[in-house]
Amino acid sequence: MLVKDVMSSPVVTIDEDATINRAAELMDKDDLGCIIVTDKEGKPLGILTERDLVVRVLAKNVPPDTIKAKDTMTSPLITIEPDATINEAARRMSRLNIRRLGVVYKGQLVGVLSSKDVLGVMPELVEIIQERALIEGEKRAEENAKETEEEAALLAGNCARCGVWSDNLEKVDGEYLCEDCRVEVKSEE
C-alpha cells in the first residue's frame with residue numbers, strides 16, 4: 001500500500017505571515033490537527049500543529065494575534081514521496097518521532113500523511129500479510145510434499161549404475177544406487 005492511497009488531500013495551507021489566530025480559525029473550521037505554512041510562492045516551509053499552539057503560544061501566554069505562523073511552526077517540513085510505501089512512511093515517522101509527513105510530488109505539496117492515516121490501514125495490512133504468509137506456507141508445504149513423494153518413489157527402483165531393481169536405493173553423487181553399487185563406490189574411493 002502506498003502513501004498516495006491513504007494521504008489527506010488537498011492540503012490546507014496558510015501564509016507564513018498570517019497570525020496564529022487565523023491559523024487556529026482555519027484548523028477549527030476544517031477540523032484539522034495541523035496546517036502547512038507556506039512562503040509567498042506557496043512552497044512549504046513548515047507545519048503548524050496543535051502541539052505547536054499549546055507549547056509555543058498558550059503555555060507562554062503569548063497573545064495569538066501578535067505572533068505569526070512562521071514564528072510558531074515546526075520547520076523544516078519533513079516530506080515523503082506519494083509512491084513510497086506505508087511501511088517506509090511509518091518507519092520515518094517513528095525514527096524522527098513525528099506524527100505527520102508532507103507528501104511532495106515533483107516539488108509540489110500534494111498531501112499530508114498522519115499517523116492516524118497509517119493506523120487506519122494497519123488492520124488491512126496485517127490481514128494482507130497474514131494471507132500472504134498463509135499462501136506461501138501452503139506453497140512450501142505442497143513443494144515439500146511433492147519432493148517427499150518424489151524421494152519416496154525413487155527409493156525403490158532400478159539402480160542407476162547396474163540397472164538391477166532395488167527396494168533400497170540411496171542417492172550417491174547425484175545417482176540412486178543399490179546397496180551393492182554403493183559398496184563398490186565406497187571401495188573405489
Side-chain angles (χ1 to χ4, degrees), residues 1-140:
M1 189 166 287
L2 303 179
V3 167
K4 65 184 175 186
D5 298 326
V6 296
M7 69 182 188
S8 299
S9 185
V11 183
V12 177
T13 62
I14 193 164
D15 184 75
E16 64 184 320
D17 291 322
T19 64
I20 292 303
N21 263 5
R22 179 70 185 128
E25 288 169 2
L26 275 174
M27 290 168 74
D28 180 43
K29 178 181 146 240
D30 292 325
D31 194 27
L32 300 171
C34 72
I35 193 166
I36 304 297
V37 180
T38 59
D39 64 13
K40 302 289 182 218
E41 291 81 44
K43 298 287 182 200
L45 297 175
I47 188 168
L48 184 61
T49 66
E50 293 168 323
R51 178 164 170 73
D52 293 329
L53 296 178
V54 169
V55 171
R56 297 184 182 131
V57 179
L58 294 174
K60 295 188 174 159
N61 204 23
V62 176
D65 57 349
T66 64
I67 189 167
K68 296 183 180 202
K70 67 181 175 186
D71 299 323
T72 312
M73 69 182 182
T74 299
S75 182
L77 176 65
I78 308 297
T79 63
I80 194 161
E81 293 285 322
D83 290 327
T85 66
I86 294 297
N87 287 344
E88 291 173 61
R91 278 191 210 101
R92 183 172 296 173
M93 287 178 178
S94 177
R95 189 177 70 247
L96 299 173
N97 195 28
I98 58 175
R99 291 184 283 167
R100 296 173 182 92
L101 293 168
V103 182
V104 176
Y105 180 69
K106 294 184 179 180
Q108 296 296 314
L109 185 68
V110 294
V112 174
L113 181 73
S114 71
S115 55
K116 185 178 177 182
D117 297 329
V118 173
L119 287 173
V121 296
M122 287 311 287
E124 184 178 328
L125 290 176
V126 169
E127 285 178 19
I128 290 169
I129 291 167
Q130 287 173 336
E131 286 176 23
R132 182 178 290 163
L134 182 63
I135 290 168
E136 288 176 6
E138 288 173 357
K139 276 186 193 174
R140 269 182 284 198

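Keep in mind that the numbers below use all heavy atoms, side chains included, and drop hydrogens, waters and symmetry copies.
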- Item | Among Val104, Ile47, Thr38, side chain to side chain contact (heavy atoms under 4.5 Å, CB included) partner for Leu77 | Ile47

- Message: Are the side chains of Leu45 and Lys70 in contact, using a 4.5 Å heavy-atom criterion?
- Response: no

- Message: Nearest 0.5 angstrom please: Lys43 NZ to Glu16 CD, how far?
- Response: 14.0 Å

- Query: Out of curiosity, Ile35 CD1 to Leu26 CG, how far, rounded to the nearest 0.5 Å?
  - Reply: 4.5 Å

- Which atom names give the shortest non-hydrogen contact between Leu109 and Gly102, and what distance separates them? CD1-CA, 4.0 Å

- Item | Thr13 side chain vs Ile36 backbone, donor-acceptor pair below 3.5 Å | no

- Message: Would the distance check show the side chain of Ser9 and the main-chain N or O of Val110 forming a donor-acceptor pair, the cut-off being under 3.5 Å?
- Response: yes

- Drop me the distance from Leu101's CG to Met7's CE, to the nearest 0.5 angstrom. 12.0 Å

- Query: With side chains defined as the heavy atoms from C-beta onward, is the minimum distance between Leu2 and Thr85 less than 4.5 Å?
  - Reply: yes

- May I ask you to decide whether Arg91 forms a salt bridge with Glu88, counting only side-chain N to carboxylate O separations under 4.0 Å? no

- Contact summary for Pro64 and Asn21, nearest pair of heavy atoms: CB-OD1, 3.1 Å

- Closest heavy-atom pair, Ala69 versus Asp15, reported as atoms and distance to 0.1 Å, is CB-O, 3.9 Å

- State which residues pass side chain to side chain donor-acceptor pair (under 3.5 Å) with Asp83; sequence neighbours excluded, sorted by chain then number. Lys4

- Nearest 0.5 Å please: distance from the CG atom of Leu53 over to the CE atom of Met27. 5.0 Å

- Is there a side-chain contact between Lys40 and Asp17, using heavy atoms and a 4.5 Å cut-off? yes

- Query: Could you give the distance from CZ (Arg100) to CG (Asp117), rounded to the nearest 0.5 Å?
  - Reply: 9.5 Å

- Crowded around Arg99 CZ? As in, over 12 foreign heavy atoms under 6.0 Å? no

- Are Asp52 and Arg56 ion-paired here, with the side-chain N under 4.0 Å from a carboxylate O? yes

- Message: With a 4.5 Å cut-off on side-chain heavy atoms, are Ile20 and Leu48 touching?
- Response: yes

- Tightest non-hydrogen contact, residues Leu113 and Ala89, listed as CD2-CB, 3.4 Å

